[in-house]
Number of protein chains: 2
Amino acid sequence: MLSKKSAAIHSSPVRELLKFSKEPGFISLAGGIPATDMIDVEGIDSVIKEILAEDHRDVFQYSVTEGEQPLRESIAVWSKKSGLTLDPQQILITNGSQQGIDLLNRVFLEKDDVVLVERPTYLAALQLFDYTEAIVEELVYQDENIDLAVLETRLAAGGVKMLYLIPTFGNPTGRVIENAERAEIVKLAHRYQVVIVEDDPYGHLAFTTERRESFFSLAQKLYGDDHNVCYMSSFSKIFSPGLRLGWLALPEKFLMAIIVAKQALDLHTSTLNQHIAARYISSGRIDERIALLKETYEQRRDWLIESLQRHLGDAITFNRPEGGMFLWCHLKSGINASRLLEACVMEKVVFVPGEVFFAENPELNSLRLSYSMLTQERANEAGVRIARALQAISS
Amino acid sequence: MLSKKSAAIHSSPVRELLKFSKEPGFISLAGGIPATDMIDVEGIDSVIKEILAEDHRDVFQYSVTEGEQPLRESIAVWSKKSGLTLDPQQILITNGSQQGIDLLNRVFLEKDDVVLVERPTYLAALQLFDYTEAIVEELVYQDENIDLAVLETRLAAGGVKMLYLIPTFGNPTGRVIENAERAEIVKLAHRYQVVIVEDDPYGHLAFTTERRESFFSLAQKLYGDDHNVCYMSSFSKIFSPGLRLGWLALPEKFLMAIIVAKQALDLHTSTLNQHIAARYISSGRIDERIALLKETYEQRRDWLIESLQRHLGDAITFNRPEGGMFLWCHLKSGINASRLLEACVMEKVVFVPGEVFFAENPELNSLRLSYSMLTQERANEAGVRIARALQAISS
């Protein structure tokens with residue numbers, strides 16, 4: 001009785017793997033999960049207690065679809081620090097940025113519209129595009145960069161409605177689209193009237209001082225408010241995933257349609273959780289926490305890299321991401337990452353095979369390793385176990 | 001650049017009206033909002049403090065899509081009291097039952113599938129069916145009851161995928177589908193393999209001791225787990241709307257597709273809020289609160305009825321709902337409720353014109369009055385103001 005498209009969609013392998021990660025003795029490099037030990041429990045508790053200590057009856061009542069004004073204002077003020085100039089009225093609060101993708105998917109895409117995505121890209125975005133029965137096409141690269149000539153040819157050919165990008169420390173690759181390239185993409189999208197969805201859950205987790213300008217602010221500078229960039233971010237990686245809070249920044253012309261869609265989807269996002277976030281941000285606690293997260297994740301990245309080099313040597317190659325929580329790896333060609341995963345499950349270590357992140361022609365020897373949850377000891381042990389698993393399938 | 005369907009959908013008049021209701025001096029009979037003064041702030045605060053006092057790091061971390069086990073279990077135990085026998089594994093936690101409708105809409109409906117709805121029915125459900133471009137048809141009634149012969153003929157004709165019902169104290173009418181009728185509808189839906197969506201946000205707010213059996217449990221008794229009823233309820237009317245918590249109860253065969261859809265939509269519902277609800281339910285606080293809500297709403301219903309009778313006399317007719325929060329009214333024929341609303345806004349009282357709740361052929365003289373927020377004084381004043389507005393448009 002299920003609809004055709006629903007019957008055709010299956011559970012995310014990532015979430016299936018997460019089940020293993022919860023079993024005792026397992027080391028998980030699978031989830032895009034912020035370090036549980038790094039969640040600022042004390043800080044969050046103290047803002048909750050502040051709320052309870054004041055007149056707070058309204059945090060348990062219905063709210064407006066757009067989001068609570070104090071949170072929208074605190075996001076606007078806070079974003080200024082990272083070079084994003086926003087009016088609180090441009091901001092829409094969502095249940096994590098996952099819902100942001102869903103909302104944009106719903107208001108912009110129709111069956112057979114073309115969405116261009118990075119190669120590889122975020123699995124759950126690909127799943128959402130499936131629901132709309134949109135056609136997903138991968139961008140073409142030259143070396144490590146998007147081939148802008150090919151992109152322009154594709155846009156000129158027509159049918160492209162949306163460009164979905166995770167331009168800063170992307171998932172799964174940790175890759176960055178550089179500023180010059182960003183400006184060109186913004187201009188192309190504007191010329192061909194294509195919506196750019198800028199998904200930015202990891203941008204705040206930069207290990208270097210180098211700053212990239214968001215597509216959104218580049219577009220604002222070039223075209224004022226009459227641009228087509230929808231910016232999306234999340235508090236899940238820098239604050240608390242369990243509160244399910246994300247946000248969209250939109251040009252005014254798109255705002256009403258997206259508010260109406262959010263209203264139809266679930267009326268609004270948790271009032272209580274929005275007030276917790278508003279206080280956490282305006283208190284400055286979020287900046288202290290982000291500073292701590294950067295140090296920690298950079299350290300954990302290095303521990304994982306050391307371990308892979310020590311125990312796997314040239315059997316595996318990878319990038320050295322400047323931020324975020326993922327190491328994007330390739331096995332010596334011919335070795336299938338899914339097959340390695342099966343062997344790794346026996347060794348009690350899990351990761352995500354890279355193939356699930358490709359819209360077409362998957363690289364079967366690729367894998368994504370998340371270092372966010374690692375200690376030095378576990379990073380080393382993970383390398384030992386993966387090496388043993390590799391041994392098992394090679395012999 | 002918006003999709004055709006998105007460009008065609010407009011904001012809910014109800015929410016537009018709620019803006020007025022927030023202005024000083026206004027009396028709002030518009031929103032389906034639980035009484036703010038009846039929210040158990042102390043009770044909710046105390047469970048939050050219990051959570052903070054224990055090891056609770058995980059309430060800020062990601063959770064599983066299905067929902068937190070303690071909440072699913074407490075719902076299963078609690079539902080037994082109202083005659084609903086559920087396995088926790090059949091329960092999926094949603095962001096209010098609004099998201100439940102969206103999930104079922106997504107997994108079952110395709111463009112041009114037919115959904116049968118009550119006449120009139122919940123506005124936001126109609127809006128969601130629009131997103132799927134499903135065809136909405138109203139049930140045919142004989143006197144106050146659904147004409148089962150006509151229903152069977154319609155089901156036999158084919159094309160019907162879903163039957164969407166709010167069978168207990170429905171929105172906007174406060175109407176109840178009686179047990180005998182329910183059993184017949186369950187059998188018909190089973191014979192013709194149509195999904196029944198049983199939307200039950202108001203069922204717990206019964207002013208009489210008379211109990212209706214849910215479609216879900218009727219179907220369980222008739223067909224075991226191999227039935228097609230999806231039950232949906234919400235904590236918004238009996239606990240706290242601001243926490244955005246609802247839940248679905250599903251036959252096993254539908255579960256996986258709906259979990260996968262929820263995962264794609266927003267991964268999962270707030271972990272913290274789920275734990276707040278789990279404790280609030282298992283502590284028994286929810287039952288005390290519901291008992292209090294019933295008394296209060298019954299009293300407020302009576303205050304509104306008195307006021308309408310005193311100040312409007314035979315210019316308005318209405319039912320006397322046995323539960324819920326709405327009075328469904330009709331103006332003396334020829335008087336248009338939207339026109340009356342315009343005059344009422346001048347008098348600082350607002351309500352929802354009934355026409356928005358119809359999928360076809362709206363009754364232009366109908367209106368929905370919500371009594372949940374009223375005091376005796378405000379109920380009386382509302383009658384005075386509506387009468388004055390009626391005077392203004394009649395003269």
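Please read these numbers as outputs of a predicted model, since none were measured by experiment. Convention: sequence-line order gives letters A, B, ...; per-chain numbering from 1.
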Asks: Using a cut-off of under 4.5 Å on heavy-atom pairs, state which of A:P34, A:G100, A:G246 scores highest against chain B.
Replies: A:P34

Asks: Tell me if a side-chain donor or acceptor on A:K253 pairs with a main-chain N or O of B:M1 at a distance below 3.5 Å.
Replies: no

Asks: With the side chain counted from C-beta on, respond yes when B:L272 and A:I276 share a heavy-atom pair under 4.5 Å apart, and no when they do not.
Replies: yes

Asks: Report which part of B:V195 has an atom under 4.5 Å of a heavy atom belonging to chain A: side chain, backbone, both, or neither.
Replies: both

Asks: Answer yes or no: is there a side-chain heavy-atom contact under 4.5 Å between B:Q98 and A:L265?
Replies: no

Asks: Among A:S270, A:G96, A:P241, A:A124, which residue has the highest count of heavy-atom pairs closer than 4.5 Å to chain B?
Replies: A:P241

Asks: What part of B:K111 lies closer than 4.5 angstrom to a heavy atom of chain A: side chain, backbone, both or neither?
Replies: neither

Asks: Let me know if A:I48 has heavy atoms under 4.5 Å from chain B in its side chain, its backbone, both or neither.
Replies: side chain

Asks: Would you say A:F108 and B:S6 make side-chain contact, with heavy atoms under 4.5 Å?
Replies: no

Asks: Under a 4.5 Å heavy-atom cutoff, which of A:K49, A:M162, A:R106 has the most pairs with chain B?
Replies: A:R106

Asks: With a 4.5 angstrom heavy-atom cut-off, could you sort out which part of B:D266 is near chain A: side chain, backbone, both or neither?
Replies: both

Asks: Would you mind checking which part of A:N105 comes under 4.5 Å of any heavy atom in chain B, side chain (CB onward), backbone (N, CA, C, O), both or neither?
Replies: neither

Asks: Sort B:D113 into side chain, backbone, both or neither according to what part of it lies under 4.5 angstrom from a heavy atom of chain A.
Replies: neither

Asks: Between A:H268 and B:N95, does the side chain to side chain contact (heavy atoms under 4.5 Å, CB included) criterion hold? Intermediate values first, please.
Replies: CA-CA 9 Å; A:H268 66 83; B:N95 304 332; over 6 Å; no

Asks: What part of B:N273 lies closer than 4.5 angstrom to a heavy atom of chain A: side chain, backbone, both or neither?
Replies: side chain

Asks: Give the member of B:T94, B:L103, B:L245, B:L243 that has the highest number of heavy-atom pairs under 4.5 Å with chain A.
Replies: B:L243

Asks: Do you know which two heavy atoms are closest between B:A261 and A:Y131, and how far apart they sit?
Replies: CA-OH, 3.0 Å

Asks: Would a 4.5 Å heavy-atom cut-off, applied to side chains only, mark A:S236 and B:Y62 as touching?
Replies: yes

Asks: According to salt bridge (Lys or Arg N to Asp or Glu O under 4.0 Å), who are the partners of B:R191, at least two apart in sequence or on a separate chain?
Replies: B:E152

Asks: Please output the residues of residues 35-44 of chain B in contact with chain A, using a heavy-atom cutoff of under 4.5 Å, in numerical order.
Replies: B:A35, B:T36, B:D37, B:M38, B:I39, B:V41, B:I44

Asks: Do the side chain of B:Q127 and the main chain of A:V260 share a donor and acceptor less than 3.5 angstrom apart?
Replies: no

Asks: Using a 3.5 Å distance criterion without hydrogens, assess whether the side chain of B:S3 forms a donor-acceptor pair with backbone atoms of A:E110.
Replies: no

Asks: What is the minimum heavy-atom distance between A:T269 and B:R244, and which atoms define it?
Replies: C-CG, 3.9 Å

Asks: What I want to find out is whether B:D45 reaches A:R57 closely enough, with some N-O distance under 4.0 Å, to be called a salt bridge.
Replies: no

Asks: Could you tell me which portion of B:L109 (side chain, backbone, both or neither) has an atom closer than 4.5 angstrom to a non-hydrogen atom of chain A?
Replies: backbone

Asks: Heavy-atom pairs under 4.5 Å with chain A: which of B:V194, B:D58, B:L128 has the most?
Replies: B:L128

Asks: Please confirm whether the backbone N or O of B:S240 pairs with a side-chain atom of A:Q61, one donor and one acceptor, at under 3.5 Å?
Replies: no

